[in-house]
Amino acid sequence: QAEIKPKLVAAGIPEERVERFVGDDDKSGSSSEHIRQSLYSLLMDVRAERIGVVAIRDVARLFRDPSQKGPVRFANACARAHVMVLTNKGGQWELLDMNDYGDRNTFIDWCREAATDLLEIIQKTGSAKEISVSFGNYAGGPLPVGYYAKPGLPAHLNGGVATRPTINVY
C-alpha cells in the first residue's frame, strides 16, 4: 500500500492530506458493507465528506458483489460527495471521477468483472470437488449438488471394523 501515496501526490493531492487507512477485516469482498465494518466506516466517511479521494489497490479486494448493489451504492455516495477513486487495473493506475458518467461506469464494470471472476473460481472449485467426490473421496463438509453421503461407522459400532462414509448420486 506504500505505492499508493506517491500516486495520490502525483495526482495533485497534498502529501499532508494523505492518510493511510487499512481496512481489511477478513470479510469477503462479496459481503455487504453492513457486514464489513471497515467498509461501512469508509462509506460513512465518504458520505460525511471527510474524504476527497479513495485509493483502492485492487477493486476486487473491495467489491466482488454479484448483485452489484455495493459497488453502485459506493459509486453513488462518492459522486454525491465529489470523491474521486484512485485504483489499479492491470498494473495501470487510474483516477476515476465518480461524477463523470464514464468513469463511474468504468468503476462499476471493474467491480462486475471481479464478481464474475469470483463466480468462476467458485464454479471451478465446485467442479474439482465434484470430481473428487465421484472417485469416493470425502473429507466431510458440504457435498456438491446431486450427491449425498451415508455416514461410515466407527469400529466400536461395527464389530471392530471401521467403515468410511459412502458417497451416492441422487
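Here the structure is a predicted model, which is why all the values come from computation and not from measurement.
- Between Val85 and Val59, the closest side-chain pair of non-hydrogen atoms is not below 4.5 Å.
- Atoms CE and CG, from Met84 and Asp100 in turn, are 9.0 Å apart once rounded to the nearest 0.5 Å.
- Between atom CH2 of residue Trp110 and atom CG of residue Asn105 there is a gap of 12.0 Å, rounded to the nearest 0.5 Å.
- Rounding to the nearest 0.5 angstrom, the gap separating the CD1 atom in Ile108 from the CG atom in Asp103 is 11.0 Å.
- In this structure, Arg47 CZ and Leu42 CG are separated by 10.5 Å, a value rounded to the nearest 0.5 Å.
- Contact detail for Ile56 and Phe74: the closest heavy-atom pair is CD1-CE2, 4.4 Å.
- Atom CG of Asp109 sits about 11.0 Å away from atom CZ of Phe107, to the nearest 0.5 Å.
- To the nearest 0.5 angstrom, Ile51 atom CD1 is 4.5 Å from Asp45 atom CG.
- Inter-residue side-chain proximity for Arg80 and Val46 is flagged as unmet; no heavy-atom pair is nearer than 4.5 Å.
- A pairwise comparison of heavy atoms in Ala79 and Met98 identifies CB-O, 3.3 Å as the closest pair.
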